[in-house]
Amino acid sequence: MQIQAVRGFRDVLPGEVALWQKVEAIARSVLERYGFREIRIPILEKTELFSRSIGESTDIVEKEMYTFTDRSGISLTMRPEATAGILRAYIEHSLYQLEPVSKLYCIGPMFRHERPQRGRYRQFHQINAEVLGSSDPRTDAELLALLRTLFEELGLRELDFQLNSLGCPSCRPGFRSKVAEYLGTKRARLCSDCQRRLMTNPLRVYDCKVETCREALAGAPVILDELCQECEAHFLSVQKNLSLLGIPFSVNPFIVRGLDYYRRTTFEVLSSDLGAQNAVCGGGRYDGLMGELGGPDLPGIGFAIGEERLVSILEGRAGAPTSSLDLFLAALGEEATEKAFLYLDKARRLGLRAEMDFRGGSLKAQMRRANKLGSRRLLILGEAELSKGMATVKDMADGTQVEIPLDELESAMAGWKEACSQRG
RNA sequence: GUGAGUGUAGCUCAGCUGGCCAGAGCACCAGGUUGUGGCCCUGGGGGUCGAGGGUUCGAGUCCCUUCACUCACCCCA
């Protein structure tokens, strides 16, 4: 019985890696342009960090975490998201002493034990950004602006930016009790899922797709009508700043995030070609979280981009980078092969992407290989060349070939490298 | 966790109501020039028909179990 990968855990094969690297390279470039610096944090954290931040009664903590007891008896969890760990590190190393506002990003795998489906895996990757120490609405707008730039540079223009405010501890409880009261009167007309949600997370009812539930919600209270003055001012300012920057968005009062720590601004970026798991990015403000984790009471806001989902959207499109070769060396005969092996390494040390096939074979076979690898040039070393102290160099694109004395080969290769760099 | 669908070569798939050695295209390798690629031609390697059990004279084809994948619910990135 052969061993297969664990369910929901996937290999990214060499053919797909180029796209991942492109996504990450563009992400890093944009993030750093907007002032973010990378932080790398552990995959394992104490379980308590997540139950305290994400929320004891959330789905993530209740039934999706990879939690186990290690050999010294403490409960550890493979991170299901990045914010908690970043805050932990930020507090632990007193990074708030270094600067008033920190902008941090982190790219890496997250783990949640869910039923796998398109765009949802048990190990998945997020590009995560957090701004700590700023409660200015411009910070919220700046994050969305960053996302716009990032998606633009990835060639994604058809994305839907949706925005909401979840209020704060001074206005949300009032809203929640209004919701509970309202839904209580409609209880009988709600589906069984929603009747359960009434107890666990009433706001989720707003998301339900069942027809009768949607009807029951017709006159339900809306969070945006219940915001306190400060929250409303903040939300309006975020919108004003988004308009100033010309970022299109829509307000969706039914965005309910699955993590308890969100306050005020929350947002999602949706793609229409992702199927059911259509959120490419989600995030929001979490003022108050840092204090709850034992740090200073500093505000924060962040987002997470689902890398698999991004890659999945990009996959169907043209323009995937293909790797190619600068030089392929074909050798005929033992002596020539030894010489070629030497020049192969010299070429690489000069910065050329060079390859040869140690299996040898006919010149034809080696040329086929060179062609398959997309090599720009072919260097032929055979007995004929060796006896003359020459090498044949063929341009694979136009088929022309010239002979170069072996003692000039290195400088010739250096010249090709120059041409490559200028071209690139 | 719930429901539905699918599982035949590396990839995309064919294989009708169970019956002759399990096929095609692409990919891979080789030959078609005594040392010259891409196209074309010829040939070749490669499959425990997801796995396990059952029905049958006989199963890729029917039944059961299991695993995986896909889609949806749920949830979210």
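The sequence lines fix the lettering, A, B, ..., with proteins before strands; numbering per chain opens at 1.
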Do NZ/NE/NH1/NH2 and the carboxylate oxygens of [X] and [Y] come within less than 4.0 Å?
X	Y	value
A:Lys103	A:Glu142	yes
A:Glu38	A:Arg28	yes
A:Glu403	A:Lys388	yes

[X] side chain: which of [options] is closest?
X	options	answer
A:Arg359	B:C69, B:C29, B:C75	B:C29
A:Asn371	B:C75, B:G38, B:A77	B:G38
A:Glu385	B:G32, B:C69, B:G35	B:G35

Any side-chain N or O of [X] less than 4.0 Å from the OP1 or OP2 oxygen of [N]?
X	N	value
A:Arg120	B:C75	no
A:Lys372	B:C28	yes
A:Gln117	B:A72	yes

Any strand counts, and the cut-off is 3.5 Å on both contacts for Watson-Crick or G-U wobble. Which nucleotide pairs with [N]?
N	answer
B:U55	none
B:C49	none
B:C39	none

Counting the atoms with a prime plus P, OP1 and OP2 as sugar-phosphate, which does [X] contact under 4.0 Å by heavy atoms, base, sugar-phosphate, or nothing?
X	value
A:Ala365	sugar-phosphate
A:Gln123	nothing
A:Gly8	sugar-phosphate
A:Gly119	base

Geometric class of the A:Tyr66/A:His113 ring pair [parallel <30°, tilted 30-60°, perpendicular >60°]: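 Judged by the thresholds at 30° and 60°, the geometry between A:His113 and A:Tyr66 is tilted.
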Please confirm whether any donor atom in the side chain of [X] sits under 3.5 Å from an acceptor in the base of [N], or the reverse.
X	N	value
A:Lys364	B:U36	no
A:Glu64	B:G1	no
A:Gln4	B:A51	no
A:Gln366	B:U36	no

Taken to the nearest whole Å, CZ/A:Arg115 to P/B:C74 is 14 Å
Atom CZ of A:Arg118 and atom C1' of B:C71: how far apart are they, to the nearest Å?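 In whole Å, B:C71 C1' lies 11 Å from A:Arg118 CZ.
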Toward the 5' end of RNA chain B, which comes first, A:His113 or A:Glu307, by nearest nucleotide?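 In this pair, the answer is A:His113.
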Heavy-atom nearest nucleotide on RNA chain B taken for A:Leu274 and for A:Arg112; more 5' hit belongs to A:Leu274
Taken to the nearest 0.5 Å, the spacing of A:Gln126 CD from A:Leu310 CG works out to 12.0 Å
**Report entry** C1' gap between B:C57 and B:U42, integer Å
**Finding:** 42 Å
